[in-house]
Novice: 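Sending over a structure as structure tokens; questions will come in a sec.
Here is how names work: the chains are called A, B, and so on, in the same order as the sequence lines, proteins then strands, and each is numbered from 1.
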2 protein chains.
Amino acid sequence: MRDVLDRVGDKWSTLLLSVLATRPHRFSALLRAVPDISKRMLTQTLRDLERDGLVEREVFPTKPPAVEYRLTALGATILEPLGGLMAWADRSHAAIRAARARFDALSGL
Amino acid sequence: MRDVLDRVGDKWSTLLLSVLATRPHRFSALLRAVPDISKRMLTQTLRDLERDGLVEREVFPTKPPAVEYRLTALGATILEPLGGLMAWADRSHAAIRAARARFDALSGL
DNA sequence: CTGAATCCATATTGATACTG
DNA sequence: CAGTATCAATATGGATTCAG
């Protein structure tokens, strides 16, 4: 349970799942689609998602090789609950920012 | 957006929110309710949740002092989307474990 | 193009000891 | 009881380099 949510809560994992929700992407396309992710973290996060069966990897034996990543059926099922959470974050970010400002103001006294 | 989800994805934050969902708890009660969390991480996570306005802290000026933590109205609103994700994790953990076993078996060849 | 391997700086965390 | 302070161990992430 904990380690399942650990991945869900991972910054890059959620971003990658969101991007792959629209359509399959190649490695380099993901690199461009997710600003600030390093090649290293992209590889590692994709491996984790693949290991968990949320993403699948297809290699096209062209030269140079192309690799496409797509959501699996299982991976698609997480989009709804994940979307619920992102919607909450969207609804609440104003309130959260306000709370942070209040808190920080009081801390600095 | 990212930093909002960062907290949501945090292992201890989600656990604490779940525990506080049932009823307010005192510091030491939380320490007992969440196995393996250290005093240090409990303090820090509670501060973060308080700063974000999801949890509030009430000090009773007794001797020795007692401090109670409870969900705020905002904090209560996250329970539903969070529950959705935990339900997903619950539904999917078998499939995920199977996927991991498959993946690890192939990796070890 | 896709990725593995290495090196290194920094961030997180646990353990411990101390305080109001 | 409810923290804070400090230190040491570890984990994490970026940059770089190399390879199929």
Novice: Would you indicate which nucleotide in dT4(D), dA4(C), dC1(C) comes nearest to any side-chain atom of T43(A)?
Specialist: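 Out of dT4(D), dA4(C), dC1(C), the nucleotide with an atom closest to T43(A)'s side chain is dA4(C).
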Novice: Taking for each residue the nucleotide of DNA chain D with the nearest heavy atom, is it P64(A) or P64(B) whose nucleotide lies nearer the 5' end?
Specialist: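 Per heavy-atom nearest nucleotide, the more 5' residue is P64(B).
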Novice: Between dA11(D) atom P and D10(A) atom CG, what is the distance in whole Å?
Specialist: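 Result: 17 Å.
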Novice: Assign K63(B) to base, sugar-phosphate, or nothing according to its heavy-atom contacts below 4.0 angstrom with the strands shown.
Specialist: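 No contact.
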Novice: Can a side chain N or O of Y69(B) be found less than 4.0 Å away from OP1 or OP2 on dG3(D)?
Specialist: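 Answer is yes, contact under 4.0 Å.
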Novice: Nearest of dA2(D), dT2(C), dG14(D) to any side-chain atom of K39(A)?
Specialist: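 The answer is dT2(C), which lies nearest to the side chain.
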Novice: Between dT16(D) atom P and L42(A) atom CG, what is the distance in whole Å?
Specialist: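 About 18 Å, once rounded to whole Å.
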Novice: For the pair made of CZ in F27(A) and C1' in dT2(C), what is the distance, rounded to whole Å?
Specialist: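 After rounding, the gap between these two atoms is 6 Å.
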Novice: For E68(A) and dT2(C), give me the distance from atom CD to atom P, rounded to whole Å.
Specialist: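 Rounded to the whole Å, the gap is 10 Å.
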Novice: Among dG3(C), dT13(C), dG3(D), which nucleotide sits nearest the side chain of R47(B)?
Specialist: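 Given the options dG3(C), dT13(C), dG3(D), the side chain of R47(B) is closest to dG3(D).
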Novice: Any side-chain to backbone donor/acceptor pair from T14(A) onto D10(A)? Under 3.5 Å, distance only.
Specialist: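 Such a contact is found between T14(A) side chain and D10(A) backbone.
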Novice: Could you grab the distance from atom CE of M41(A) to atom CG of D48(A), nearest 0.5 Å is fine?
Specialist: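 Reported value, rounded in 0.5 Å steps: 8.0 Å.
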Novice: Which of the following nucleotides, dC1(C), dG3(C), dA2(D), is nearest to the side chain of A66(B)?
Specialist: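 For the A66(B) side chain, the nearest candidate turns out to be dA2(D).
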Novice: Look at the side chain of M41(B) and decide which nucleotide, out of dT13(C), dC1(D), dG3(C), has an atom nearest to it.
Specialist: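 For M41(B), the side-chain atoms sit closest to dT13(C).
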Novice: Expressed as a whole number of angstroms, how long is the span from L31(A):CG to dA15(D):P?
Specialist: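 Rounded to the whole Å, the gap is 12 Å.
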Novice: Reckon S28(A) has a side-chain N or O less than 4.0 Å from the OP1 or OP2 of dT2(C)?
Specialist: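 The answer is yes; a side-chain N or O of S28(A) sits under 4.0 Å from OP1 or OP2.
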Novice: With heavy atoms under 4.0 Å as the rule, sort F60(B) into base, sugar-phosphate or nothing.
Specialist: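 No contact.
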Novice: Carefully, step by step, assess R57(A) and V59(A) under the rule side chain to side chain contact (heavy atoms under 4.5 Å, CB included).
Specialist: CA-CA 7 Å; R57(A) 178 174 178 272; V59(A) 181; 3.7 Å; yes
Novice: Using whole Å, report how far NE2 of H25(B) lies from P of dA2(D).
Specialist: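 Interatomic distance, NE2 of H25(B) to P of dA2(D): 12 Å.
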Novice: In this structure, how many angstroms lie between the P atom of dT13(C) and the CD1 atom of I37(B), rounded?
Specialist: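 Rounding to the nearest Å, CD1 of I37(B) and P of dT13(C) are 10 Å apart.
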Novice: Side-chain N or O of R57(A) less than 4.0 angstrom from OP1 or OP2 on dT2(C)?
Specialist: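 False: R57(A) side-chain N/O out of range (4.0 Å or more) of dT2(C) OP1/OP2.
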Novice: R102(B) and R51(A): side chain to side chain contact (heavy atoms under 4.5 Å, CB included), yes or no, with the steps?
Specialist: CA-CA 8 Å; R102(B) 250 193 325 274; R51(A) 185 170 105 100; over 6 Å; no
Novice: From C-beta outward on V67(A), which listed nucleotide comes closest to its side chain: dC1(C), dG20(C), dG3(C)?
Specialist: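 Nearest nucleotide to the side chain: dG3(C).
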Novice: Can you tell me how far P of dC18(C) sits from CZ of R40(B), to the nearest Å?
Specialist: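 R40(B) atom CZ is separated from dC18(C) atom P by 18 Å.
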Novice: Quick one: pull up CD1 in I78(A) and CG in D52(A) and give me the separation to the nearest 0.5 Å.
Specialist: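 One finds 9.5 Å between CD1 of I78(A) and CG of D52(A).
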